[in-house]
Participant: 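Starting off with a structure, shown below.
The figures that follow rest on heavy atoms only: side chains count, while hydrogens, waters and symmetry mates do not.
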Amino acid sequence: MNLTMLDRQQLEDILLDPPRVEVLALPCSDSITLDCLPSGPAVRSIRIRHALAAAHELLVRSANTALAGRCVLDSPTLVKDYFKVHFAGVERETFVVVFLDSQMRVIATEELFAGTLNQTSVYPREVVRRAMHHNAGGVILGHPHPSGQPQPSSADEFLTRTLKSALSLVDVRVLDHMVVAGSSCISFAELGLL
């Protein structure tokens, strides 16, 4: 089940009136619940996983709404908090881009790429294409490290330089690249890596 395809009412129904039939566990919430729930396919555990996954999806949508139209230069911690919420409990690497207008206000946020436990393929051409689609003046990049180690890898640094170079050709600034691992969020800008 892809929760992003459900509307708010359907997500709330999962939380408030969980299904009474046995359903498959949602893998996107498993890492959040591993320490809290008994192992095995018990119906109760599966229902709780569904409820937690639905709650997370509602939280991400709420965070997207809170971020939309905001100037990110005024509140850098807001962006860190957004990425922490977005990547909470992820079990695989994904790559998210926050697109900004010329005044550095958020236009849109998109998850452009998804990969495996420890890597994802990011294509600069697609990032540039989506930036042009949104008529963006800047971007903030973000991805999780499901391993729990927030330090950027050399591959992360190389990717950031590549994207910065590609986006500069169309006058789009890379303001930051954030790496999230659990409750830690590392900013490339704060580390002087941009």
Participant: Pairs in or reaching into residues 159-169: which pass salt bridge (Lys or Arg N to Asp or Glu O under 4.0 Å), with residues at least two apart or in two chains?
Facilitator: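 Matches after skipping sequence neighbours: none remain.
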Participant: Would you list the atom pairs, donor with acceptor, under 3.5 Å between side chains in residues 132-142 and any protein atom, with sequence neighbours excluded?
Facilitator:
residue: H134; atom: NE2; partner: E110; partner atom: OE2; Å: 2.5

Participant: What pairs with S102 under side chain to side chain contact (heavy atoms under 4.5 Å, CB included), at least two apart in sequence or on another chain?
Facilitator: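 S102 satisfies side chain to side chain contact (heavy atoms under 4.5 Å, CB included) with no residue once adjacent residues are dropped.
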Participant: Determine the minimum heavy-atom distance between F99 and V127, stating which atoms define it.
Facilitator: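 Scanning both residues, the minimum pair turns out to be CE2-O, 4.3 Å.
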Participant: Restricting to non-hydrogen atoms, name the atom on H145 and the atom on Q149 that form the minimum distance, rounded to 0.1 Å.
Facilitator: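 That would be ND1-O, 2.7 Å.
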Participant: Rounded to the nearest 0.5 Å, how far apart are CG of L163 and NE2 of H177?
Facilitator: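 Output value for this atom pair is 8.0 Å.
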Participant: Do you know which two heavy atoms are closest between F113 and Y123, and how far apart they sit?
Facilitator: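 Smallest interatomic distance, heavy atoms only, reads CZ-N, 3.4 Å.
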Participant: Using the rule given for side-chain contact (heavy atoms from CB on, under 4.5 Å), can you reason through V79 versus M178, listing the C-alpha separation, both sets of side-chain angles and the distance that settles it, and then say yes or no?
Facilitator: CA-CA 9 Å; V79 179; M178 301 209 183; 3.9 Å; yes
Participant: If you look at every heavy atom in P144 and P146, which pair is closest and at what distance?
Facilitator: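 Result for this residue pair: O-CD, 3.5 Å.
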Participant: Supply the atom-to-atom distance T109 OG1 to Y82 OH, rounded to the nearest 0.5 angstrom.
Facilitator: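 Nearest 0.5 Å value for the OG1-OH distance: 4.5 Å.
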Participant: Which residue pairs satisfy the salt bridge (Lys or Arg N to Asp or Glu O under 4.0 Å) criterion with at least one member in residues 137-158, sequence neighbours excluded?
Facilitator: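 Applying salt bridge (Lys or Arg N to Asp or Glu O under 4.0 Å) to every pair that reaches into residues 137-158, excluding sequence neighbours, yields nothing.
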Participant: Could you report the tightest heavy-atom contact between G182 and V180, atom names first, then the distance?
Facilitator: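 For G182 and V180, the tightest heavy-atom pair comes out as O-CG1, 3.6 Å.
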Participant: Who passes side chain to side chain donor-acceptor pair (under 3.5 Å) against T120, sequence neighbours left out?
Facilitator: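 Result, side chain to side chain donor-acceptor pair (under 3.5 Å) vs T120: none returned.
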Participant: With sequence neighbours excluded, tell me which residues meet side chain to side chain donor-acceptor pair (under 3.5 Å) with S168.
Facilitator: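 S168 satisfies side chain to side chain donor-acceptor pair (under 3.5 Å) with no residue once adjacent residues are dropped.
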Participant: Could I get the full list of salt bridge (charged side-chain N to carboxylate O under 4.0 Å, His left out) partners for E126, not counting sequence neighbours?
Facilitator: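 Testing E126 for salt bridge (charged side-chain N to carboxylate O under 4.0 Å, His left out), a comparison that skips the adjacent residues, returns R129.
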Participant: Can you list the residues that meet the salt bridge (charged side-chain N to carboxylate O under 4.0 Å, His left out) rule with D171, with sequence neighbours excluded?
Facilitator: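 D171 satisfies salt bridge (charged side-chain N to carboxylate O under 4.0 Å, His left out) with no other residue.
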Participant: Using side-chain heavy atoms (C-beta onward) and a distance below 4.5 Å, is V179 in contact with H143?
Facilitator: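 In contact.
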Participant: Not counting sequence neighbours, which residues clear side chain to side chain contact (heavy atoms under 4.5 Å, CB included) with S184? List them please.
Facilitator: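 In terms of side chain to side chain contact (heavy atoms under 4.5 Å, CB included), with neighbours along the sequence ignored, S184 is linked to P150.
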Participant: Distance-only criterion, 3.5 Å: show the donor-acceptor pairs between side-chain atoms of residues 186-194 and protein atoms not counting sequence neighbours.
Facilitator:
residue: S187; atom: OG; partner: D176; partner atom: OD1; Å: 3.1
residue: S187; atom: OG; partner: D176; partner atom: OD2; Å: 2.6
residue: S187; atom: OG; partner: A189; partner atom: N; Å: 3.3
residue: S187; atom: OG; partner: E190; partner atom: N; Å: 3.1
residue: E190; atom: OE1; partner: K80; partner atom: NZ; Å: 2.9
residue: E190; atom: OE2; partner: K80; partner atom: NZ; Å: 3.3

Participant: Looking at side-chain heavy atoms only, is the closest gap between F87 and V96 below 4.5 Å?
Facilitator: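 F87 vs V96: side chains touch.
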